[in-house]
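Structure first, then comments.
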Amino acid sequence: MTDIFIKSFNRPFYLDRCISSINKYVSGDFRIKVLDDGTPEQYLDKIKKLHPTVEILRSENYPKKIKAIEENLTSGKTVNGFEIPTKFWYDNVKNASDYVIVTEDDVWFTQPINVDELSQEAKNLNINLIKLGWLGNQSNRKDLIIESISENLESAQPKDLLFFPKMLMEAFFYNQYKFYTILYKLGKVNHFTQLKYWALNSILMGFYKKEYWLEIWKDMDGKVDEKRQLINAALFYKKNKNNPNFISKLKLEAMKTTFQSSATNSYHEYGFDFDVNHFNHLINEAWLKDEFDAMENFPKDFSINYFKKFVQGKINFGEYEKWANKFRQQYENMGCKTE
């Protein structure tokens, strides 16, 4: 049995798409658990009706988040997207199967995988993380030792990462005591050095040995601190770096995400006259009324003109397009494919 966790917040139209893609493309013995942090009850009721085998769990902040959504719709008050239920996620994964997938509502499968086969290969080959998706970004392959290890998998062993004791790893990532600055002036690191540590992690598209996921996500303290994740990953990997299969990946990418919506404005505030919370509400309501098809244009993302049908005249669509283009550009600049 493999647990597939979907972290969710107030985008049932994407959650429906995510679950439907799992049912379409994932085979083997698995169960789906939604870890919800504030999707209004009427939307979750419909998700349960559409997908009766899915278990929906609510965070301790659920009532507070519901109130925040209501206040946003009535007064425009900002929803705090930085208040993250990391302990809720951690506790559920801690009590889960030995291997897990932990993804989010705006991520979906695009190719078949069999979780029983992946579990068996992970055990046989001593793999702690199988990357199922990487946003089409192949720019880091030059920093990896890639070897075929099975019909569907290849190992992805990082090259040239710096490993220090915990205190120095923290100093390196947070530039405590100007440690990173000193290394930079000495020519030991550059602006891309820290990014290379993402070879050890996959926030949304990983098939994990539970122990490794828990190591990465420990000490998050109610926020998603990506530097802390990379520090934790590096410290654990350092003890296992002689295992060439520790990090592996599918040969064919099997997951995709969106660059046309976000859960809140908090992480994507670009200065345009656009409120993603209002946008999501309009699509949520259309989906609730069975007017919006959660699988439109699948396995690609929803077409922009399809969104337009439901929001035109209710938001400044030109500003939305600028916002979405800025969102895409942010990731394209890192080498990702966003279409």
Side-chain angles (χ1 to χ4, degrees), residues 3-7 35 37 59 81-104 107 122 126-135 137 140 143-145 155-180 183 188-189 191-249 255 267 334:
D3 284 314
I4 301 177
F5 292 102
I6 307 171
K7 298 180 285 186
L35 304 180
D37 191 40
S59 74
F82 297 115
E83 189 173 20
I84 307 295
T86 53
K87 186 178 185 301
F88 173 58
W89 300 341
Y90 192 91
D91 289 346
N92 274 280
V93 174
K94 187 176 181 179
N95 294 313
S97 52
D98 291 339
Y99 293 90
V100 296
I101 296 172
V102 186
T103 187
E104 292 190 4
V107 181
N126 196 17
I127 300 171
N128 278 250
L129 167 60
I130 300 173
K131 295 194 175 188
L132 307 177
W134 43 90
L135 304 179
N137 190 345
N140 70 338
D143 300 314
L144 304 171
I145 301 170
S155 62
Q157 188 175 18
K159 296 187 293 185
D160 304 325
L161 293 183
L162 300 172
F163 295 104
F164 305 107
K166 182 178 179 180
M167 187 178 75
L168 287 180
M169 286 301 301
E170 291 173 345
F172 170 63
F173 274 96
Y174 295 118
N175 199 24
Q176 296 169 344
Y177 319 110
K178 302 294 182 181
F179 184 53
Y180 176 86
L183 292 176
K188 301 296 184 182
V189 300
H191 294 307
F192 301 100
T193 301
Q194 291 185 357
L195 292 176
K196 293 180 181 180
Y197 288 81
W198 279 105
L200 305 177
N201 193 11
S202 176
I203 289 183
L204 307 177
M205 302 180 183
F207 182 93
Y208 274 94
K209 187 175 183 180
K210 179 174 67 176
E211 178 187 13
Y212 186 44
W213 190 95
L214 292 172
E215 280 292 323
I216 290 174
W217 282 87
K218 71 180 182 181
D219 303 325
M220 284 298 111
D221 193 27
K223 59 184 177 181
V224 177
D225 183 341
E226 293 181 349
K227 290 187 176 183
R228 171 58 58 188
Q229 288 184 33
L230 298 182
I231 292 167
N232 291 343
L235 292 172
F236 192 80
Y237 179 76
K238 180 184 178 183
K239 297 181 288 187
N240 296 274
K241 63 182 180 179
N242 291 329
N243 172 10
N245 301 333
F246 187 90
I247 307 290
S248 299
K249 60 191 286 292
M255 298 185 82
Y267 290 94
M334 295 188 287

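In what follows, residues are counted from 1 in the order of the sequence shown.
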Is Lys210 reaching over with its side chain to a backbone N or O of Ala96, donor-acceptor style, under 3.5 angstrom? yes

Listed pairs under 3.5 Å, donor-acceptor, residues 126-134 side chains, sequence neighbours left out:
unit_1, atom_1, unit_2, atom_2, d
Lys131, NZ, Trp198, O, 2.8
Lys131, NZ, Ala199, O, 3.3
Lys131, NZ, Asn201, O, 3.1

Does Phe163 have more than 12 heavy atoms from other residues, nucleotides or ligands lying within 6.0 Å of its CZ? yes

Which heavy atom in Gln194 sits nearest to a heavy atom in Phe172, and how many Å separate them? NE2-O, 3.0 Å

Which atom names give the shortest non-hydrogen contact between Asp37 and Glu83, and what distance separates them? OD2-O, 4.0 Å

Under 3.5 Å, is there a donor-acceptor pair between the side chain of Thr103 and the main chain of Leu204? yes

When every non-hydrogen atom of Met169 is compared with those of Tyr197, the smallest separation belongs to CE-CE2, 4.1 Å

To the nearest 0.5 Å, atom CG of Asn232 lies from atom CH2 of Trp213 at 11.5 Å

Determine the interplanar angle of the Tyr208 and Tyr212 rings, folded into 0 to 90°, and report it as parallel if under 30°, tilted if 30 to 60°, perpendicular if over 60°. tilted

Minimal heavy-atom distance between Ala233 and Ile216, with the atoms involved, is CB-CG1, 3.9 Å

Give me the atom names and distance for the closest heavy-atom approach of Thr86 to Lys223. CG2-O, 3.6 Å

Quick one: closest heavy-atom pair of Lys238 and Pro165, and the distance? NZ-N, 4.0 Å

With side chains defined as the heavy atoms from C-beta onward, is the minimum distance between Lys218 and Tyr90 less than 4.5 Å? yes

Would you say the side-chain atoms of Asp219 pair up with the backbone N or O of Arg228, donor to acceptor, closer than 3.5 Å? no

Do Lys159 and Ile145 have side-chain heavy atoms sitting under 4.5 Å apart? yes

N/O donor-acceptor pair under 3.5 Å between Glu215 side chain and Tyr237 backbone: no

Does some side-chain heavy atom of Ile84 sit less than 4.5 Å from a side-chain heavy atom of Met220? no

Charged N to carboxylate O below 4.0 Å: is that the case for Glu170 and Lys227? no

With Asn175 via side-chain hydrogen bond (donor to acceptor under 3.5 Å, both in side chains) - residues at least two apart: Thr181

